[in-house]
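Atoms considered below: every heavy atom in the structure, side chains included; atoms not considered: hydrogens, waters and symmetry mates. Whatever order the structure lists them in is the order used to number ligands and atoms, beginning at 1.
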Amino acid sequence: MKHSRKLVLICCGSDCKKEGAKGFYKSLKKEFKNQEYKGKYKLIKTHCLDMCKSAPVAVVQDHFFKKVEIEKLLDHLKKP
Ligand code: FES
């Protein structure tokens, strides 16, 4: 069985949490309920990704986001 959804990993380790990763995760979860993103992405919370100095950190496929902002990540997802 082939997975059609892209994985979006959000680090929720202690340093990322201090930088607002939980709020970021919740906002992104809300965004993913929009028709535009529905069924296309799988949002996953992770433990520390060992890049704490760049917190908050997110990973989409093979792309690392340092000091991630929701607009930046959504712009990346809209790219073909
Ligand atoms: S806590 Fe997020 S990279 Fe370490």
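Here the shortest heavy-atom distance to atom 1 (S) of ligand 1, taken over Ala55, Ala58, Gly13, belongs to Gly13.
Per-residue contacts place Asp50 under 4.0 angstrom from the following atoms of ligand 1 (heavy atoms of the residue considered): 3 (S). Near Cys11, meaning under 4.0 Å from any of its heavy atoms, are these atoms of ligand 1: 1 (S), 2 (Fe), 3 (S). Within the listing of ligand 1, atoms 1 (S) sit less than 4.0 angstrom from a heavy atom of Asp15.
In this structure, Asp50 places its CG atom where only 12 or fewer heavy-atom neighbours from other residues, nucleotides or ligands lie under 6.0 Å away.
If you look at Cys16 next to ligand 1, the close heavy atoms, those under 4.0 Å, come from the backbone and the side chain alike.
When atom types are taken as modelled, the side chain of Lys40 and the backbone of Glu36 share a donor-acceptor pair closer than 3.5 angstrom. Remark: side-chain polar atoms of Tyr41 are not paired, donor with acceptor, to backbone N or O of Val60 under 3.5 angstrom.
One finds no salt bridge joining Asp75 and Lys72 here, because no Lys/Arg side-chain nitrogen approaches an Asp/Glu carboxylate oxygen to under 4.0 Å.
Distances from atom 4 (Fe) of ligand 1 show that Cys52 has an N/O/S atom below 2.8 Å. Distance check for Cys48 against atom 4 (Fe) of ligand 1: an N/O/S atom falls below 2.8 Å. Not one N, O or S atom of Cys12 sits under 2.8 Å from atom 2 (Fe) of ligand 1.
Minimum interatomic distance between His47 and Cys11 (heavy atoms only, all atoms of both residues): O-SG, 3.7 Å. Residue Leu28 comes nearest to Ile70 through the heavy atom pair N-CD1, 3.7 Å, listed as atom of the first residue, atom of the second, then distance.
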